[in-house]
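For reference, the structure is listed below as structure tokens.
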Amino acid sequence: MLNRLLLLILSGALLMQCAPADSTPQALCMVIPKNAERNIASRAELRACQAEWVNTAQTPVYFRLAASQRERWREYIGEELWAEYARRTSARVLETGQVFLQLEYRDYVRLRAALRHSDIRAGLSGAEERVLQLLEHRTREMLRPGMSDFEKVVALHDALVQQSRYNAGAGGNIEDLLTKGCGSCEAYSSTLCIMLDIAGVPSRLVTGTADGPHAWNLVQVDGEWYHVDATWDDPVVGDGSRQILQHSYCFSNDEEMSRTHRWERSDYPSCDSRTAFYYRRSGLYFTRPDAYWKAALAAYARGEGCFEGYLTTYGSARQFQKVLEVTPSDDAPSQIRWTGPETESGTVMMSFGSN
């Protein structure tokens, strides 16, 4: 009888401890494995732990929020904070600050983890292993011995753009992008992330907005981080039968990227450098329209069908048209098409025709 009474008392104490701090269904009683918790006192600490959990595709994850952070528990378990890694999250939170978080990882997380850990790779399904082998094969096809990290990023960016067509309805399936050649921004950024891993270039996937929910990449070259958005560098021309490869969003810094993209900056490394900006590094950065035009004519003389460059003094479409009118050339093509940025500076794309 005494043992039964003690059991009832202990059960009552446990129920009091597990009483929800919030009336929402997420605050449920649970048991977290001993020594599995991490004490999280800031969003930055959570991000540091995320990197470790994602590296091994670990799910579920357990942590305890510091007392100062407990009122913000919705922020710490919300899908928005985990969107870089997971499609969906499911959480239980106790008034003690203990958190149990179940993650439905995005495909690229598991594949990247498999590249790093042989035991995870051994557990891949047959379909997952085929996709990973295809990614490895495609990546190695694009690389040459002795390439710098800058050259690797450009080669993989260009191959992805040239071999793919953007289709929001196609979703984020990596296999579809590789085999059918179409996919959403998630498919582009996820594929590039894994390819960069295979190439040995540090990278991350970024989630934010750009005319709607969007995903792109961060890459690290020579110790500096840069934005790379292969989706926005993949414009379909006309009826979709032709594409023009461009590099407007290849090695952009935060300032350049923030013109068109929005993201939670505190969750990602700062991108302050301009050193590796594609147009600067490739000799396609111009401060005068006449210098751009001279370089474009040289490209035409070499037999190239189009030319791209970054022009700091573009001004407007009308101003640029005046430059072309006052700097004629006997060697100029009879037909020119060009598109410029909506801002006073940016990428100018020019294509040539013979009649």
Side-chain angles (χ1 to χ4, degrees), residues 55 108-109 111-118 121 131-164 174 177-179 181 183 185 187-206 215-235 243-254 256-257 268-285 295 298-299 302-310 347 349:
N55 181 57
Y108 88 98
V109 172
L111 294 179
R112 292 183 84 188
L115 285 171
R116 300 184 181 103
H117 305 282
S118 58
R121 183 154 191 172
V131 171
L132 192 51
Q133 288 183 13
L134 184 55
L135 283 163
E136 290 173 323
H137 175 70
R138 291 276 183 90
T139 301
R140 287 164 186 152
E141 273 189 330
M142 297 300 111
L143 304 182
R144 302 185 311 275
M147 290 179 89
S148 66
D149 283 354
F150 173 86
E151 291 170 327
K152 290 177 183 178
V153 174
V154 173
L156 295 174
H157 165 279
D158 291 1
L160 188 61
V161 170
Q162 290 170 329
Q163 297 170 7
S164 309
I174 296 171
L177 189 69
L178 294 173
T179 60
C185 59
Y188 276 67
S189 53
S190 296
T191 300
L192 185 56
C193 227
I194 300 171
M195 286 181 159
L196 289 168
D197 260 15
I198 296 167
V201 179
S203 70
R204 287 183 62 172
L205 186 146
V206 184
W216 63 98
N217 298 96
L218 293 184
V219 301
Q220 190 179 48
V221 170
D222 299 329
E224 301 285 353
W225 285 95
Y226 301 89
H227 296 269
V228 173
D229 190 342
T231 308
W232 274 45
D233 276 344
D234 193 3
Q243 290 185 307
I244 296 180
L245 172 65
Q246 66 181 47
H247 300 84
S248 300
Y249 299 91
C250 197
F251 296 101
S252 299
N253 63 13
D254 286 342
E256 288 281 348
M257 208 66 176
Y268 301 95
S270 295
C271 303
D272 301 320
S273 176
R274 296 177 181 270
T275 305
F277 184 41
Y278 175 81
Y279 296 111
R280 284 183 181 273
R281 193 87 165 243
S282 304
L284 299 169
Y285 191 88
R302 293 192 299 268
E304 297 176 16
C306 61
F307 180 76
E308 65 170 323
Y310 190 95
T347 303
M349 299 290 299

Would you name the heavy atoms of Asp234 and Ser164 that are closest together and state the gap between them? OD2-O, 3.2 Å

Ionic contact status for Arg281 with Asp222, cut-off 4.0 Å: yes

Please determine whether side-chain contact (heavy atoms from CB on, under 4.5 Å) holds for the pair His227 and Asp254, giving the CA-CA distance in whole Å, both sets of side-chain angles, and the decisive distance to 0.1 Å. CA-CA 8 Å; His227 296 269; Asp254 286 342; 2.7 Å; yes

Is it the case that Asn217 and Arg204 place a side-chain donor and acceptor less than 3.5 Å from each other? no

In chain order, what residues pass the salt bridge (Lys or Arg N to Asp or Glu O under 4.0 Å) check against Glu136, with sequence neighbours excluded? Arg121

Looking only at non-hydrogen atoms, find the nearest pair between Ala199 and Lys152 and report the distance. O-NZ, 3.0 Å

Residue that, paired with Ser203, satisfies side-chain contact (heavy atoms from CB on, under 4.5 Å) out of Leu218, Val219, Leu156: Val219

Taking it one step at a time, do Tyr310 and Glu256 satisfy side-chain contact (heavy atoms from CB on, under 4.5 Å)? CA-CA 12 Å; Tyr310 190 95; Glu256 288 281 348; 3.0 Å; yes

Just checking, is any N or O donor in the side chain of Ser273 or Tyr226 under 3.5 Å from an acceptor N or O on the other one? yes

Heavy-atom pair of closest approach, residues Cys271 and Asn253: O-CB, 3.2 Å

Compare every heavy atom of Cys250 with every heavy atom of Phe277, then report the nearest pair and how far apart it is. CD1-O, 3.8 Å

Leu134 CG to Thr179 OG1 distance, which is reported to the nearest 0.5 Å: 7.5 Å

To the nearest 0.5 Å, how far apart are CE in Met349 and OG1 in Thr347? 8.0 Å

Side chains of Leu115 and Leu111: closer than 4.5 Å at any heavy-atom pair? no

Between Asn55 and Arg116, does a side-chain contact (heavy atoms from CB on, under 4.5 Å) hold up when you go through it step by step? CA-CA 8 Å; Asn55 181 57; Arg116 300 184 181 103; 2.7 Å; yes

May I ask you to check whether Tyr279 and Tyr285 place their ring centres under 6.0 Å from each other? no

If only atom types and distance count, is the side chain of Asp197 paired as donor or acceptor with the main-chain N or O of Arg112 below 3.5 Å? no

Between Ser270 and Trp225 the two heavy atoms that sit nearest each other are O-CB, 3.8 Å

Is the shortest heavy-atom distance from the side chain of Leu245 to the side chain of Gln162 under 4.5 Å? yes

Provide the closest heavy-atom pair for Ala276 versus Phe150 in the form atom of the first, atom of the second, distance. O-CE1, 3.3 Å

Kindly compute the distance separating OG1 (Thr191) from CD1 (Ile174), expressed to the nearest 0.5 Å. 4.5 Å

CG/Leu192 to CG/Leu160 distance, rounded to the nearest 0.5 angstrom? 6.0 Å

Return yes if a side-chain donor-acceptor contact under 3.5 Å exists between Gln133 and His137, otherwise no. no

Quick one: SG on Cys185 to CG on Asp229, what's the gap to the nearest 0.5 Å? 8.0 Å

With sequence neighbours left out, the residues meeting salt bridge (Lys or Arg N to Asp or Glu O under 4.0 Å) with Arg280 are none

Under the rule for ring pair (Phe, Tyr, Trp, His ring centres under 6.0 Å), what residues qualify as partners of His247, not counting sequence neighbours? His157, Tyr278

Look up atom OH in Tyr249 and atom OG1 in Thr231, then write down how far apart they are to the nearest 0.5 Å. 11.5 Å

As a quick check of understanding, evaluate side-chain contact (heavy atoms from CB on, under 4.5 Å) for Phe251 and Thr275, giving each step before the final call. CA-CA 9 Å; Phe251 296 101; Thr275 305; over 6 Å; no

